[in-house]
Amino acid sequence: MRIATWNVNSLKARMPRVEEWLAYAEPDVVCLQETKLADSAFPGLAFGALGYEAAHHGEGRWNGVAILSRVGLDDVTDGFDDDGEPDPEARLLWATCGGVRLASVYVPNGRALEHEQYDYKLSWLERLRANLSRVHDPAASLLIGGDFNIAPTDDDVWDPARFVGATHTSDAERAALAALLDWGLADTFRGYHSEPGLFSWWDYRAGNFHKRQGMRIDLLLATAPLADSVTFALIDRQARKGKLPSDHAPVLIDIDIDPS
DNA sequence: ATGGTCGCGCAGCGA
């Protein structure tokens, strides 16, 4: 079973690249982020023609998450499963695909350490962690794929010195991510590839992609039953090349389980 | 060169 995550930075702008990528990467399940679409504008029929069921949780101009699956798509819910106020932004979507409960997440960027969006980012991550403790079991199959807007370690940043005092590498953000891992999730890509300098996002500006100046912020986190069954992991740099790319590359893993 | 590019939507913000 091949599971991928990809921040497409506008599905409307990216649809030709997404269709091309589905055809050659042949994922079974895809978590998409930053669709930037209202639900009414989501191209579900186009995905259906390619053999994928699809669910979308959008708000329009910003954010928006989706799940595509060719191994079944059931029990779709959006947002947090708790007693709190609904998240005002469309950043979380759940579904069961091929017997795996999974989420597509678009963690808030944070903007700057002193910005209120940074506090939103930290509280958003804590709320996700609390949701795991409340509803889920780390001994069961669970996957959370998405743009976490956090580089887990300095090995995941092209120049850590440049991010001192900025978001994505701060101690508090890394602690919030570590709390998710401590609950019982593993960074599956990192479990398969240990070397530094493997990135999933590169700023559009200044030829950063071609200078290999990026960060690894797109993660596929999974509980042990899935993480222990990973047979392949890849960041598809090919999808970041060429005409009208997203600024993120897809990340994918193969898991040796039978979809059920 | 002390910026650089996208997407949205039509100015300037967010990433």
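Note on naming: letters A, B, ... go to the chains in the order of the sequence lines (proteins, then strands), and numbering restarts at 1 for each one.
- Between R127(A) and D81(A) there is no salt bridge, since no side-chain N of the basic residue sits under 4.0 Å from a carboxylate O of the acidic one.
- Taking the six-membered ring where tryptophan is involved, the planes of H136(A) and W94(A) are essentially parallel, since the angle between them stays under 30° and well short of 60°.
- Following rounding to the nearest Å, E59(A) (CD) and dC8(B) (C1') show an atom-to-atom distance of 13 Å.
- Under 3.5 Å, the side chains of E173(A) and S170(A) contain a donor-acceptor pair of N or O atoms.
- Spacing between dG14(B) and dG9(B) at atom P, rounded to whole Å, works out to 14 Å.
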Give the table of side-chain donor-acceptor pairs shorter than 3.5 Å for residues 222-229 of chain A, with sequence neighbours excluded, one pair per line with atom names and distance.
unit_1	atom_1	unit_2	atom_2	d
T223(A)	OG1	A140(A)	O	2.5
T223(A)	OG1	L142(A)	N	2.9
T223(A)	OG1	L142(A)	O	3.4
S229(A)	OG	P225(A)	O	3.0

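- Of the N and O atoms on the side chains of N9(A) and Y204(A), at least one donor lies less than 3.5 Å from an acceptor on the other residue.
- One atom, CG of L244(A), and another, C1' of dC6(B), lie 10 Å apart when rounded to the nearest Å.
- Distance check on atom P: dG3(B) versus dG7(B) gives 23 Å, rounded to whole Å.
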Fill in the blank from the handout: Each nucleotide of nucleotides 10-15 of chain B classed B (base within 4.0 Å of a protein heavy atom), S (only sugar-phosphate) or -, in 5' to 3' order, makes ----SS

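- For the C1' atoms, the distance from dA15(B) to dG4(B) is 15 Å, rounded to whole Å.
- Between S10(A) and dC8(B), a side-chain N or O to OP1/OP2 separation shorter than 4.0 Å is present.
- Between the side chains of S133(A) and R129(A), at least one donor N or O sits under 3.5 Å from an acceptor N or O.
- Between the CZ atom of R162(A) and the C1' atom of dT2(B) there is a distance of 11 Å, given to the nearest Å.
- Taking the P atoms as reference points, dA11(B) lies 22 Å from dC6(B), given to the whole Å.
- Side-chain contact of S200(A) with D218(A): a donor-acceptor pair under 3.5 Å is present, judged by distance alone.
- Environment of CG in D171(A): sparse, with no more than 12 heavy atoms of neighbouring residues, nucleotides or ligands closer than 6.0 Å.
- Salt bridge R2(A)/E26(A): absent, no basic N to carboxylate O contact under 4.0 Å.
- Per the geometry, CG belonging to L11(A) stands 10 Å off P belonging to dC8(B), to the nearest Å.
- Taking a 4.0 Å limit (strictly below) on heavy-atom distances, residues 210-218 of chain A does not reach DNA chain B anywhere.
- Straight-line distance from the NZ atom of K12(A) to the P atom of dC8(B): 7 Å, rounded to whole Å.
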